[in-house]
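What's counted below: heavy atoms across the whole structure, side chains too, no hydrogens, waters or symmetry copies. So you know, we letter chains A, B, ... as the sequences are listed, proteins then strands, and number each from 1. The structure presented is a predicted model; accordingly, all values stated were derived computationally and were not measured.
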Amino acid sequence: MSMDYYNLKYGLFADAPDLVDTLPALGKLKKAYPKYIKRAEEAQCLARKFAREELLPKVLEIDTKCSKDPKYMDWELWRKANDARFNISPIPKKMGGLGWSALDNAVLVEELSSVCIASAANITFNTFGLLGALVECRTGTVLKIIKMMVDAQEKGKPLFWSWAITEPGAGTDVEDGEAMATMRPSSNARKVPGGYILNGTKCFITNGSIADYVIATIPLDTSNPRESMATFFVSTDSTGFSVGRVERKCGQKASQTAELFFNDLFVPEENLWEPPGRGLRHTREILSITRGYVGLCGSAIAGGALQRCIQFANRKKIKNHRLIEEEWVQFAISDMLKDIMVVRAACYNFALAMDTYHVWSLFDKIPVKASLAVFPEKFILGESVLELARNRMIDWAGNKYKGSIVTDDLVEKFVKEGSALKVAGTDLAMKVSARVLDVVGLEGMSYQYGIEKYFRDAKVTQIYEGSNQANRIDLFNNTIGEMI
Amino acid sequence: MSFKEFNEILNECRKFAKNEIRDQALEADLFPDMSWVKGIWSKSAQLDIPSLLIPEAYDGAGYSEFCCALVLDALASECAGIASVFAHHFAACIPLIHSDMNQCEKYIRQIAGEGGDHAAPASVIFPSNMEEKNIVLAQKEGRLILSGTSQLTGNTDGAGLLCIFAEDPENDKELTCIALERNTRGVSPGEDAKLPGLKVNPFRRITFEDVEIDPEAVIGEQGKSLKLMQKAQAAFYGFISAMAMGSARTAYKKALAYAGERYQYGKMIIQHQEIQRMLGSMLMKLGMGTSGYTHLYNEEKLNLPFSSADPMLAKAFCTDAALEIILDAIQIHGGYGYMHEYGLEKIMRDIKVLQLLGGSNPHHHVRIIADMQ
Ligand SMILES: Cc1cc2nc3c(=O)[nH]c(=O)nc-3n(C[C@H](O)[C@H](O)[C@H](O)COP(=O)(O)OP(=O)(O)OC[C@H]3O[C@@H](n4cnc5c(N)ncnc54)[C@H](O)[C@@H]3O)c2cc1C
């Protein structure tokens, strides 16, 4: 549809920022921490402009091309996002990133996902490398990863990371401790002098086909997967790495999903990110961050679908009035608005909690603040600082310090919160994206309006990042399970 | 027709669907191919499917609407897109067989004709109460002129004959039913709407540019076809219900089988209570939906005063239930359910289109009561 079609100044077409306006509780924070909220508002202005002007006009063209060729990637769009530094947004400003908080990133994820969650994933999934490295928080590794990301961004060179935990025979089983204990692994690692040899298959790996690096969890003892699960950092140019098929999916087509093979692939000792037995903990920490955001993506899919529906209903003429003037339509819209408002607010709450307690809180801590302040901009990712960061003492201190903030308890607490939001957000995405089609009818379901795409995109959000059943199990176990 | 005969037909249809449709349905969903659809149509003539509703006196099979519904259920269990081609055709037959047979003998024979040249399906165009304007039939200087644009309609690509319900320009309650060859001058199909499902049956608007209508092509009485339209529409709703249940039954069967094969969380997943609950709920919806739509045809046998079935509501129930069933079936398949080759996501897209055929379900709920007032 041409942009003139959207004649209601609502949602994506409203003037940004409307963050505090639509989440009034942030008003209190704005008074106490004006800079914090101001920056989120700036993030919203940038993200909405990008979503409206760069993403929206291309969404269907990309979806069509990916239907024909699941390996199609719109690099032009990616470059524009890279120029805006959206793909390195959480990296501190002084190091070359945007220095965006968990809240700012929530805004980015929401604005982009409300237009196309698959393209949003291509842009924001790049933070996976950083998230993965931050789990152990060895200063040497963290700075190395940051430097790689910043250098690539400056050169306009794509740098993709994948997180590969799922295997053909184990999806739920790689995300949950109890399940992992009984898992039937199809991959394994073997210790050899100087490193490890990996063998096996991973499946459904987002960006696996274009990744430069893969973070993979693989057990050393397949008869004892939980106790021997380790996390490896794998370079995709290693001998023995290959990509199988790129899946043909129902939706989210712009985001590639691939099968990966490890065939006697050697990983040097230094790229063992988590030792045997700690692989599950690594996964859980990532999930403790991502599940809440997937919930927000769900709420954004619902929000985007509803916005498109409202714009359609406002235009569509029936006999002597417009569709939006029908009472049943108004009630349906209200009902969906209500659900979205509630879930969205809860997801933003999660982002605030992320900033307060989780990895993002590190940026507010004196040792991190001081280190960032001490080094001049030019030197901060220079060889001498990287060398210093690799120092074993500092490396160890980084790990210990971070471990004292992001404790095991905190991780499980956030898995609990995130699981609830993940189910709430993605169930809502499915419900609303299906229901808006009932409002707009067959015509509104035509491809050109882009409304049916939300319906196709939504279903998988209930499956990945742990199926919604697995998330319910986590929610129960972390809330009631321990008491009974 | 005896019970035995009836079951034989159904078994034949199931076999036909399995042999002719199953293997190619997924490929055809990706790359819709009219010649494949035509091929199935021609082959189906061997089972008399195209002329199922046509009375024996006119060389048809002379079966009931109920039989059509069950055939559609069987076809949709392999591909709802193919089934929907037949559903449009059957609905188009309804006005013909409920009118004065002598008057429409020409068209009836055309449909029942054996194989070969006129073996094209028919389609039906209903007016819609969700459009700004519908097709009108006006009297101009003693001639009948059809003009306007239809709502999105299925089975227009392969259709030979169109059965059109046109409004009187002065009074939208006065409907006229017209039979018209699709390749008449002035009849032009619009763009494929590219709906997410029923891919082998593209939906288009059809524009009629001042098409002159032969008075002989008016089925029934001019301006008096409201009842006829309601009959055809009711039949169409029944057919949609049947297709929804056929598709959902396949979804259920696939989920049941997969749950018995997939090991996760220490067991075959069918041993997890939550999976059992989902499958049980699917089975419940399938059972109630199937009884609901078959009950539409059950008037003579069981005519309880408190149990009347409404085709529009049956359609609403069956398609809503079918959507819930397929969403859970995909869920049970985990990531595999979202991949094209497993065939489940296609069923989801197909059912979503079935759900919106003939109007949307919440709107049906409103209308059924509003129309009583
Ligand atoms: C588009 C896409 C992108 C993905 N991206 C990635 C990625 O980047 N990296 C990655 O590692 N993985 C990725 N995945 C995989 C995804 O995380 C898994 O599909 C998901 O965890 C579910 O696993 P599964 O598909 O093996 O289903 P299974 O685990 O086999 O589950 C099958 C069904 O059983 C249910 N079930 C299992 N155990 C129980 C129980 N105890 N009680 C009740 N029900 C139960 C599940 O809920 C599900 O409904 C992706 C998947 C998709 C589809």
Proximal component of B:Leu30, with respect to chain A [non-hydrogen, under 4.5 Å]: side chain

From NZ (B:Lys352) to CG (A:Asp438), nearest 0.5 Å: 4.0 Å

Proximal to chain A - members of residues 357-373 of chain B, heavy-atom separation under 4.5 Å: B:Leu357, B:Ser360, B:Pro362, B:His363, B:Val366

Contact class of A:Met430 relative to chain B, heavy atoms under 4.5 angstrom: side chain

Nearest-0.5 Å distance that lies between atom CD in A:Gln469 and atom CD1 in B:Ile275: 5.5 Å

Passing option when B:Glu131 is tested against A:Lys317, A:Lys316, A:Lys319 for side chain to side chain contact (heavy atoms under 4.5 Å, CB included): A:Lys316

From CZ (B:Arg349) to CE (A:Met445), nearest 0.5 Å: 11.5 Å

Residues of residues 248-256 of chain A within contact distance of chain B, non-hydrogen under 4.5 Å: A:Arg248, A:Lys249, A:Cys250, A:Gly251, A:Gln252

Shortest non-hydrogen contact from B:Tyr265 toward A:Thr182: C-OG1, 3.8 Å

A:Asn320, part contacting chain B, at a heavy-atom distance under 4.5 Å: neither

Salt bridge present between B:Lys194 and A:Glu452 (N-O < 4.0 angstrom): no

Chain A contact via B:Gln355 - side chain, backbone, both or neither, heavy atoms under 4.5 Å: side chain

Side chain to side chain, B:Tyr263 and A:Asp173, heavy atoms closer than 4.5 Å: yes

Heavy-atom pair count under 4.5 Å with chain A, highest-scoring of B:Ile330, B:Asp192, B:Ile269: B:Ile330

Largest heavy-atom contact set with chain B, pairs under 4.5 Å, which of A:Leu442, A:Leu323, A:Val440, A:Val439: A:Leu442

Within 6.0 Å of NZ in B:Lys133, more than 12 heavy atoms from elsewhere: no

Residues B:Tyr338, A:Glu247; criterion side-chain contact (heavy atoms from CB on, under 4.5 Å); working and verdict: CA-CA 10 Å; B:Tyr338 197 63; A:Glu247 304 283 354; over 6 Å; no

Spacing of SG belonging to A:Cys203 relative to CE belonging to B:Met339, to within rounding of 0.5 Å: 8.0 Å

Winner by heavy-atom pair count (cut-off under 4.5 Å) against chain B, out of A:Glu327, A:Arg184, A:Glu178, A:Gln448: A:Arg184

Chain B contact via A:Tyr464 - which portion, at a heavy-atom distance below 4.5 Å: neither

Residue B:Glu191 excluded, over 12 heavy atoms near CD under 6.0 Å: no

Contacting moiety of A:Tyr449, where chain B heavy atoms sit under 4.5 Å: neither

Closest-packed option against chain B by number of heavy-atom pairs under 4.5 Å, given A:Arg245, A:Lys453, A:Lys68: A:Arg245

Which of A:Ala181, A:Pro168, A:Ala470 touches chain B most, by non-hydrogen pairs under 4.5 Å: A:Pro168

B:Leu327 versus A:Lys459, closest heavy-atom pair with distance: O-NZ, 3.1 Å

Interatomic spacing from CD in B:Glu274 to CG in A:Asn468 - rounded to 0.5 Å: 10.5 Å

Over 12 non-hydrogen atoms of neighbours within 6.0 angstrom of CZ in A:Phe331: no

B:Tyr342 portion near chain A, given a 4.5 angstrom heavy-atom threshold: neither

Chain A contact via B:Met348 - which portion, at a heavy-atom distance below 4.5 Å: both

Where A:Ala434 and B:Leu323 come nearest, the two heavy atoms and their spacing: CB-CD2, 4.1 Å

Nearest-0.5 Å distance, CD of residue B:Gln264 to CE of residue A:Met183: 8.5 Å

